[in-house]
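By convention in this document, chain letters (A, B, ...) are assigned in the order of the sequence lines, proteins followed by strands, and residues within each chain are numbered from 1. FYI, side chains are in, hydrogens and waters are out, and symmetry mates aren't considered; it's all heavy atoms of this structure.
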Amino acid sequence: MPELPDVEGFRRILDSCGRGRQIEKVQVTDPGVLHGVSAGRLRRALEGRRLTAPGRHGKWLIARTEGGPALLLHFGMTGQLLCRAPDDPPHRYDRVRLDLGGQHGLRYRDQRKLQGLWLAASAADVEHVLAGQGPDALSVDRETFRDLLAGRRATVKAVLMDQSALAGLGNLLSDEILWRARLHPARPANGLTYDDSRALHSVMRRTLRLSVRAGRVPDRRSWLTGHRNDAHPRCPRCHGPLRSGRIAGRTTVSCPHCQGGDPP
DNA sequence: AGTAGATCCTGGCGGC
DNA sequence: TGCCGCCAGGATCTAC
């Protein structure tokens, strides 16, 4: 389930594998992942273009070309970006392939096709596709973060996961961050104190930095994420039983002891 | 403004 | 064994 750290990993793959190289051939093996563009138009728009420094906003990856259009990639739950030689055997979930000359190539691989690829004709068009995204969770400053929480009556978990409020966090990271900050996920966002939001911001940044370094949310046993799929999960901090429920429509794991039994 | 629920999509899993 | 329904959680839409 790609969240900000995973997509940041894909950005690095795109950078090391594709930057400076020319897109020689675009192969769409499943047009079902294309949004608002046909396979033919995608091919005509990208073939012959040279990839430049890629960007990322939240869970979006931006593959820019020199003086040309940009390809926007969203990985849904199961998507990934791989650097593979064009003659590497195809995988059944390879949906789009970019051949970059020689032994270089990129593949958009995705089992469930919940999201996919968008084509942006220009920088302004990139902004258009990304309109409505909140600030990136890795670069949002403390005051902006505090204000976006203070302006919402929804639960703090719902706001953390809302891409229009804050871009980049998914279900796993939200639970991890709230657990580390010792905040109950069902607390109303606008009920957090100044100190709460300050601590939450700091914990979020630290958790994101560690996750980006690992290329994903680590499922180490010292992390909440390393326990959430256990039959009888216990808190790695206090060793009490973890609680599993649904908040904002998502499975939510938290520690009743560390994060409070009931939200105030 | 907020939540719940359906939808999209595919595969793994438990139950019968 | 095989079929059914549920669940996973990325997002969006409608209904309340």
Dot-bracket for DNA chain C, please, read 5' to 3', with Watson-Crick or G-U wobble pairs under 3.5 Å on both distances, ( ) within the strand, [ ] crossing, | other strand, . unpaired.
.|||||||.|||||||
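- Residue-environment remark: CZ (A:Arg237) exceeds the threshold of 12 foreign heavy atoms within 6.0 Å.
- Interface remark: the A:Arg250 side chain does form a donor-acceptor pair with the C:dG9 base, using a distance-only criterion of under 3.5 Å.
- At least 2.5 Å separates the SG atom of A:Cys258 from that of A:Cys235.
- Heavy-atom contacts from other residues, nucleotides or ligands closer than 6.0 Å to CZ of A:Arg146 number more than 12.
- Counting only distance, with no hydrogens or angles, the side chain of A:Thr29 and the backbone of A:Asp94 share a donor-acceptor pair below 3.5 Å.
- Atom CZ of A:Arg246 is separated from atom C1' of B:dG2 by 18 Å (rounded to the nearest Å).
- Of the possible polar contacts, none joining the A:Asp175 side chain to the A:Leu172 backbone as a donor-acceptor pair under 3.5 Å is found.
- Taking atom CG on A:Asp162 and atom C1' on B:dG2, their separation rounds to 11 Å, with Å as the unit.
- The side chain of A:Lys59 places an N or O atom within less than 4.0 Å of a non-bridging phosphate oxygen (OP1 or OP2) of C:dA11.
- A 6.0 Å sphere centred on NE2 of A:His128 holds no more than 12 heavy atoms belonging to other residues, nucleotides or ligands.
- At whole-Å resolution of the value, CD in A:Gln111 and C1' in C:dC7 are 13 Å apart.
- Looking at heavy-atom distances under 4.0 Å, A:Thr78 makes no contact with the nucleic acid at all.
- When the C1' atom is compared between C:dG10 and B:dA1, the two are found 23 Å apart, to the nearest whole Å.
- Taking atom OH on A:Tyr93 and atom C1' on B:dC9, their separation rounds to 11 Å, with Å as the unit.
- For the P atoms, the distance linking C:dG9 with B:dG2 amounts to 23 Å, nearest Å.
- Within the 4.0 Å cut-off from OP1 or OP2 of C:dA11, at least one side-chain nitrogen or oxygen of A:Gln163 is found.
- On the P atoms, B:dC8 is 23 Å away from C:dC3, given to the nearest whole Å.
- For A:Arg92, a side-chain nitrogen or oxygen approaches OP1 or OP2 of B:dG11 to under 4.0 Å.
- Across the C1' atoms, C:dC6 and B:dG5 are found 15 Å apart, a figure rounded to whole Å.
- Taking the P atom of each, C:dG2 and B:dC9 are spaced 26 Å apart, rounded to whole Å.
- If you take NE2 of A:His35 and C1' of C:dA11, they are 10 Å apart, rounded to a whole angstrom.
- Each of C:dA11, B:dC8, B:dT3 was ranked by its minimum atom distance to the side chain of A:Leu114; first place goes to B:dC8.
- The six-membered or imidazole ring of A:Trp179 lies away from that of A:Trp223, with a centre-to-centre distance of 6.0 Å or more.
- Here A:His74 does not reach the OP1 or OP2 of C:dG10: none of its side-chain N or O atoms lies under 4.0 Å away.
- Of the possible polar contacts, none joining the A:Gln22 side chain to the A:Leu100 backbone as a donor-acceptor pair under 3.5 Å is found.
- Taking atom CE of residue A:Met161 and atom P of nucleotide B:dT3, one finds them 10 Å apart after rounding to whole Å.
- A:Gln115 has its CD atom 11 Å from the P atom of C:dC13, to the nearest Å.
- Put simply, CZ on A:Arg112 is 9 Å from P on B:dG11, counting in whole angstrom units.
- One finds a side-chain N or O of A:Lys113 lying less than 4.0 angstrom from the OP1 or OP2 phosphate oxygen of B:dT10.
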